[in-house]
Structure formats: C-alpha cells, structure tokens
Protein chains: 2
Amino acid sequence: MNDLKSKATIYDVAKLAGFSAATVSLALSGSPKIKESTKEKIRNAAGKLKYQPNFLARGLVKQETKTICLIIPDNLNPVFAEITQGVEHFAYGRGYSIILCITNEDAQREKFYLEIMRNNRADGLLVFPTFFPVVQEEALRLRASNVPFVIVGRRIEGMDSDYVAINLESGGYKAADFLIKLGHKKIGIIYGVANPDLGKSRLEGFKRAFLENGLHFRTDFVKGCGYRIHDGYKVAKELLSNKDRPTALFAINDLLAIGALKAVKELGLKVPDDISIVGFDDIEFASYSDPPLTTVSLKEKEMGKTAVEMLIDRIENTSADSKRGAILIEPELIVRDSCAEII
Amino acid sequence: MNDLKSKATIYDVAKLAGFSAATVSLALSGSPKIKESTKEKIRNAAGKLKYQPNFLARGLVKQETKTICLIIPDNLNPVFAEITQGVEHFAYGRGYSIILCITNEDAQREKFYLEIMRNNRADGLLVFPTFFPVVQEEALRLRASNVPFVIVGRRIEGMDSDYVAINLESGGYKAADFLIKLGHKKIGIIYGVANPDLGKSRLEGFKRAFLENGLHFRTDFVKGCGYRIHDGYKVAKELLSNKDRPTALFAINDLLAIGALKAVKELGLKVPDDISIVGFDDIEFASYSDPPLTTVSLKEKEMGKTAVEMLIDRIENTSADSKRGAILIEPELIVRDSCAEII
DNA sequence: TATTATAATTAAACCGATTAAATGAATGAT
DNA sequence: ATCATTCATTTAATCGGTTTAATTATAATA
C-alpha cells in the first residue's frame, strides 16, 4: 500500500522495518522472543505509519472483540443514561468498548438486537430487559451459542441466568410503608410502564406494606400510563380531580413524580402540605425539584459496575458453566421534602 | 462443528444444505444467480442452525462494519443523552449500529478514542468535541487514513471538516438581548465549562448584545465553574451574595440554571420577581422546573439526525472528496416563566 | 447428435491479523 | 571441527466470510 489515503497494515510496517509480519505482530505485543533492538525498529516503523492493528482481522483470529453490547430501553430516562455512563466507564477500565443498543421499549427491536448479537460482534451482552418473554426466549439461543450475558436491573422470575438487579419489591414496600407511617391511607399510584411486567414487583411490595399494616389496598387508585414526565402530569391531575382524592401519590419512577409535582401546583395545591409525593429511581434531578423529592434509590452506579464486572469475569473465565452470579441490590429510601405527616 | 455449545458457521450451513459455502453466501444475500429452490433449502438450513454470519469475517472482506462510533463528553448531561438517543435511532434506521465512547471531559480519553477508531472498527465517526486542539490533530490522521467523520454540536474555528453545529454565538446573543430588552443591565454569567474553548462563542454573542444595545459588559459578573447542577448552585450563591447584586443570571447550560434556581430560593429570593434566569440547551426538565425555565433550544434531535445522515452519505458515497457538508443550526429562544421585566 | 449458449454451482484467492511449527544463525561444549 | 543448544526470525496455516473466475449441468439450436 503506497496509497497515502489509506490505512497502514502490518505488512506495511513489516516492509518498512525490514522484518516479517509475524515478527511485527510478536514485537508489538511485547513478546520476549523478539530482540529489544528489533522491537525498537518495529515500534519506530509502526509509529511512522501511524499503524493501528485491524480490529476485524485481530478479532477473527483471537475470537474476541473486547466489546460489550449494552441493551437498554431508553437513553432519555436518566436511570438508563446513568447506567450507560457507568457501564461505559467500568468497561473502559477493563479494556472493553461498548456498543449501545436502544430498544425504545419496542419488542421487535429488543428481539432484533438480542438475535443479531450472536454474530461475534461483542464478547458478551448486558441486557436491561423490557419484554420478559422475548428476553427469555433469546436467552436460550445466546446460551446455545455460548454468548455470555448478564441481565441488569430487573429480575426475571423463573429465569436461570446471571443477573444484577434491584429488589424492586422491597423498594415498593419501603415507599408505601413510609407513607403509611406518616398516616396516609389513600395513596394514588402512577403506574407508568411500557408493559405490565415491569411495575409488578414495585406494586406487589406496595400492597404488602398495606397488608402488613392492616390496611385495605384500593386498586381503583392505581392508574396506568406511559413512562414519561408528561404522563405523570396527566395522571396526577386525573387522580387528584377525584372527589375522593388521595392524600399522597406514589410514582413508579421519578420522571412521573416530577410531572405530578407540576400537576399538583397547577391545581393550586401544595407539596407536601396538601399532597405527599414519593418517586422511584433517585435520578439527579430528584434533589433539585421543588420541593426535593423523596424517592427510592436504584443505585445505578453500583448496578452498572457490578454487572460489568460479572460479565467480564464470565467472558474471561474459561470455566464455562460455573454457577450463576446472582446479585440483588437492596434499594434505599431517600427522604427529602415531598412528604408530610397527615394530621 | 458438532459442538452444540457453539456458533454455526457458513460451512455448517453448507454441509447441512448440501451446497458449497460460496453458494450459501450468495443465496443468503439474495443473489439472482442461485436457483429459488436451492435458496429455499439454504434458508431452511440456516434457520435450523440459527446461523448468524460472523460479523468480523464479513467486515474483513467487505471492508465495512455498518457501525458508527459516537464520541460524546458525558451521557449524564441530558443534551448528550438526547443526541445519543437520536443518533442511535437514525443510525438504526439506516442499518448501522453505534459504538458509544464517553470521554468524561478528559482530553486523554478523547484522544485515545479518536486514535483507536482508525482500526477499522467503525465505518465513520461522529464527534462531539471537547478539546479542540486534540480533535484538530487527530482529525488530520483520520483524514489521512480515509476515515469519514463529522463534527457535531460545536464548530471548531479554522478547522476544515464536515460539521453539524449550533450557532452558539447567536444563541448567546438571543439570551442577552432578551434580558436587556426586559431592562436588565447587571447580568451574572454562570460560566460552567470543561475548558474555556467551549463557552467562548456563547459569551461572545452575549457581549455583542451588550455592545449593540449600547451597554457596558462587566467581566466581573462572569464566574467560571464546573458544568454540573451543583456548580450552578454554588456559583449562583456567590454571584448573588455580592453587594452589587445582578438582577438576572445567564447560565451557560440548563443544568447550571437548575442549580441556580435552587440557590435563589434558598436565599429567600423569588424567580422571576427578584431574579431572572435564562438557561441554555432546553433539556426536557427545563419545562418542568419551578418556574419553567426560559432557555435556548439546541435542537438536539435535528442535530443528531442531520449528523447521522451526513456521515452515512459520506461513508456510502464513494466520491471521496466531494465538498464538505457544513450545517449551522439556528438556536431558538424558548420563553417560559423564569424572566421578568425590571421596573 | 453435436454444438453452443446459458444457467447454476464451486474452487480458490483474498481481507489482515495471530500463532504453532519450522528454519537459520549464533553460542557453547566436547 | 562437530554437534547440541539456545535465540531470533520466518513460513504457513488459520479465523469465517465474500467474490471473481472457472467449471459443470442444463437447455436451446442447428
């Protein structure tokens, strides 16, 4: 290749340095077999040509890409944005790149990505699942193809796989218990999820708190909707315009809670004096809303880190079928100023 | 390969279907040379084996990866999170995947990613630059290696390349002009940037508005800091505890403005009655803050889409050195409730 | 039936690296 | 001087696809 407008290959380096391609490969990977003086010459030549080893060629023979595929539902949601950031960060620290797939809460796309990723493009997958049956089905193929993967963020009931998840049931319980202890009995639930599987655990925990406190759980206070700020705003208005109005709102994520906050204000009510609000996720904005939001922390950073570590260990440990890693992180209630006692 | 725990190759498909690898390749790519009946048989065999063509092998011969590398500073900032989302979305629409690199506002990492990406891992790059000299230097190598790239978000003065940017100077001007027309003369500037290059244009536009309105621009009201919510909070407090206190604040991004909002409240002042605030970026939260924030829209979605289109056109049009694409998007002032007239 | 044209398939080269095995040169022992 | 070692480098196979050119099978024509 004497074409200046092109990438230098290992053969170009070999020719310039006066050695064979094999020697160049060995030298650049620091093999002790190669004399220091020739290593030096080869490094010079490589530097002169701005040589970068072809990723595809190397990957093909080494059967590895040093790449992790991360599948998330939606990067506009700060929860996933944070996970993405964390995953990229820790992966980088261990020499891995990440290829980002955003499903947009669409089952087709989730399936597509899970399918295509059996093509040796990545050494392993990190999946934040949205449609549980889709993931369960594709997981079988991934395993048959020997592609390591770790489920992140949510536990899929009855599925045997590595996972790093949050105990959402417990999170729901903590939120409800907190409100109940403050004297609330009528709590509206803003149930904004892409599919019913997703909110289930939180809701179950919520119910459990009612039962354990000897209260009746009112299902007519549970209102389903989308998962964006705007949806929380709309549903909060509905719930609060009820004649038998709740005294508190629990939003299944912080985005919804922030929308609800705005709705409450527009109705001329005050948070927390008239209405208490609890969110879920503890996104950065939750502490900058007015008032700062009481919420349940998801510990995304810890989750991202743990998941990356687990996946890379799985990738690098040839011990194929060692027992599954299963980590269930305990969420934490973050008390700020959006809740008050009922008097 | 009769190892069940492994990926099927084209040879496995060939054997099962009773044809050669070449025929399989041709058949699966829909070549008209292959009889329909054998195509059918081959598709069946491929389906039975859950065959996925090896990405690396294919990439190596076709000299393409259908992958775009996106380099951004920080996925926690909603501006970049939105760009990432948009880029992924439109890239997917054209059959490309994205590999995400987050520099964390670190020059070393920005350089590292720009360097490594000359290794045939991606067909082109989308770069949201942070350290202009780094990018300029690496850009030369990218061009020498014939790797297409598009600069996104910011225009680098004096650099000849494809770009899709926002006219930040004009954005700064619009923000200032708006405040000045409301009667403000003392405006504090929260200048939270990772490096001085970044805020320059916005500041220049801001100054220009002062000059054109016959006002004196006070540099002692410009306070540098980091670029996160917390920094805006801190600096706003400083600016407002001055005896000669500004009547308005301009934050160089919305995150800082949201921090400032909190600071103003804590000081017992009211927005907009006592202090007007203008942000920059128009992130989703800007319309849900209290009060909703007047800000300058960056049009990330448009930017992401345009940049992807431009890059893919560059990648796919063999016409190597056609003239550069240069798009400067005009930002828009979004007026909400965080500013009031001076009386 | 022989010949030619055309359709369908395959052999073989290639992409650019890595690596096991082979070769060659230098050193040391006898 | 001869042979065994050790050290340094190279040859050649390989990874799993795609694609061009060659080959074989089939159909059309004389």
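Sequence lines set the chain letters: A, B, ... in the order given, protein chains first and strands last, and positions in each chain run from 1. Small disclaimer: the values here were computed from a predicted structure and weren't measured.
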- Query: Base, sugar-phosphate alone, or nothing: which one does Lys33(B) contact when heavy atoms must sit under 4.0 Å apart?
  - Reply: base
- Note on the structure: Lys35(B) atom NZ is separated from dT10(C) atom P, nearest whole Å, by 11 Å
- Query: If you check the Lys62(A) side chain, which of dG16(C), dT18(C), dT10(D) turns out closest?
  - Reply: dT18(C)
- Message: How many whole angstroms separate atom CG of Leu60(B) from atom P of dT19(D)?
- Response: 12 Å
- Message: Regarding Glu115(A) and Lys50(B), does a basic nitrogen lie under 4.0 Å from an acidic carboxylate oxygen?
- Response: no
- Message: By nearest atom, which of the nucleotides dA11(C), dG17(D), dT11(D) is closest to the Ala22(B) side chain?
- Response: dA11(C)
- Should the pair Phe112(A) and Tyr92(B) be assigned to parallel (<30°), tilted (30 to 60°) or perpendicular (>60°) ring geometry? perpendicular
- Message: Need to verify one output field. Residue with the more 5' nearest nucleotide on DNA chain C, Gly18(B) or Gln63(B)?
- Response: Gly18(B)
- Just compare dG16(D), dT18(D), dT18(C) and give me whichever is closest to any side-chain atom of Ser25(B). dT18(D)
- Using whole Å, report how far CD of Glu64(A) lies from P of dT14(D). 21 Å
- Item | Residue met sooner reading DNA chain D from 5', once Ala57(A) and Ser29(B) are mapped to nucleotides | Ala57(A)
- Task: Grab the CD1-C1' distance between Ile34(A) and dT18(C) for me, whole Å please.
- Result: 13 Å
- Could you tell me whether the phosphate oxygens of dT9(C), OP1 or OP2, come under 4.0 Å of any side-chain nitrogen or oxygen in Thr23(B)? no
- Item | Worked check of side chain to side chain contact (heavy atoms under 4.5 Å, CB included) between Phe149(A) and Tyr163(A) | CA-CA 9 Å; Phe149(A) 63 97; Tyr163(A) 67 87; over 6 Å; no
- Task: Pick base, sugar-phosphate or nothing for Phe19(B), based on heavy-atom distances below 4.0 Å to the nucleic acid.
- Result: sugar-phosphate
- Separation of Leu56(B) atom CG from dT14(D) atom C1', in whole Å? 14 Å
- Scan Leu26(B) against the nucleic acid and name what it touches under 4.0 Å (heavy atoms): base, sugar-phosphate only, or nothing. base
- Task: Could you check if a side-chain atom of Arg314(A) sits within less than 4.5 angstrom of a side-chain atom of Val150(A), using non-hydrogen atoms only?
- Result: no
- Task: Calculate the interatomic distance between Leu49(A) atom CG and dA17(C) atom P; express it in whole Å.
- Result: 11 Å
- Message: Any salt bridge linking Lys41(B) with Glu36(B)? Criterion: basic side-chain nitrogen under 4.0 Å from a carboxylate oxygen.
- Response: no
- Take atom NZ of Lys41(B) and atom P of dA8(C), then tell me their distance rounded to the nearest Å. 13 Å
- Query: For Gln52(A) and dA17(C), is the shortest distance between a side-chain N/O and OP1 or OP2 below 4.0 Å?
  - Reply: no
- Query: When all nucleic acid strands are considered with a 4.0 Å heavy-atom cut-off, which category describes Thr38(A): base, sugar-phosphate, or nothing?
  - Reply: sugar-phosphate
- Query: Would you call Glu88(B)-Arg109(A) a salt bridge at under 4.0 Å N-O?
  - Reply: yes
- Task: Name the closest nucleotide to the Arg58(B) side chain, picking from dA12(C), dT9(D), dG17(D).
- Result: dG17(D)
- Message: So if I take every side-chain heavy atom of Val61(A) and compare against dT10(D), dC15(C), dC15(D), which nucleotide ends up nearest?
- Response: dC15(D)
- Where the side chain of Thr9(A) is concerned, which of dG16(C), dG16(D), dT19(C) is the nearest nucleotide? dG16(C)
- Message: From C-beta outward on Tyr51(B), which listed nucleotide comes closest to its side chain: dG17(D), dT10(C), dT19(C)?
- Response: dG17(D)
- Nucleotide nearest Pro53(A) when distance is taken to its side chain, options dT18(D), dA17(C), dC15(D): dA17(C)
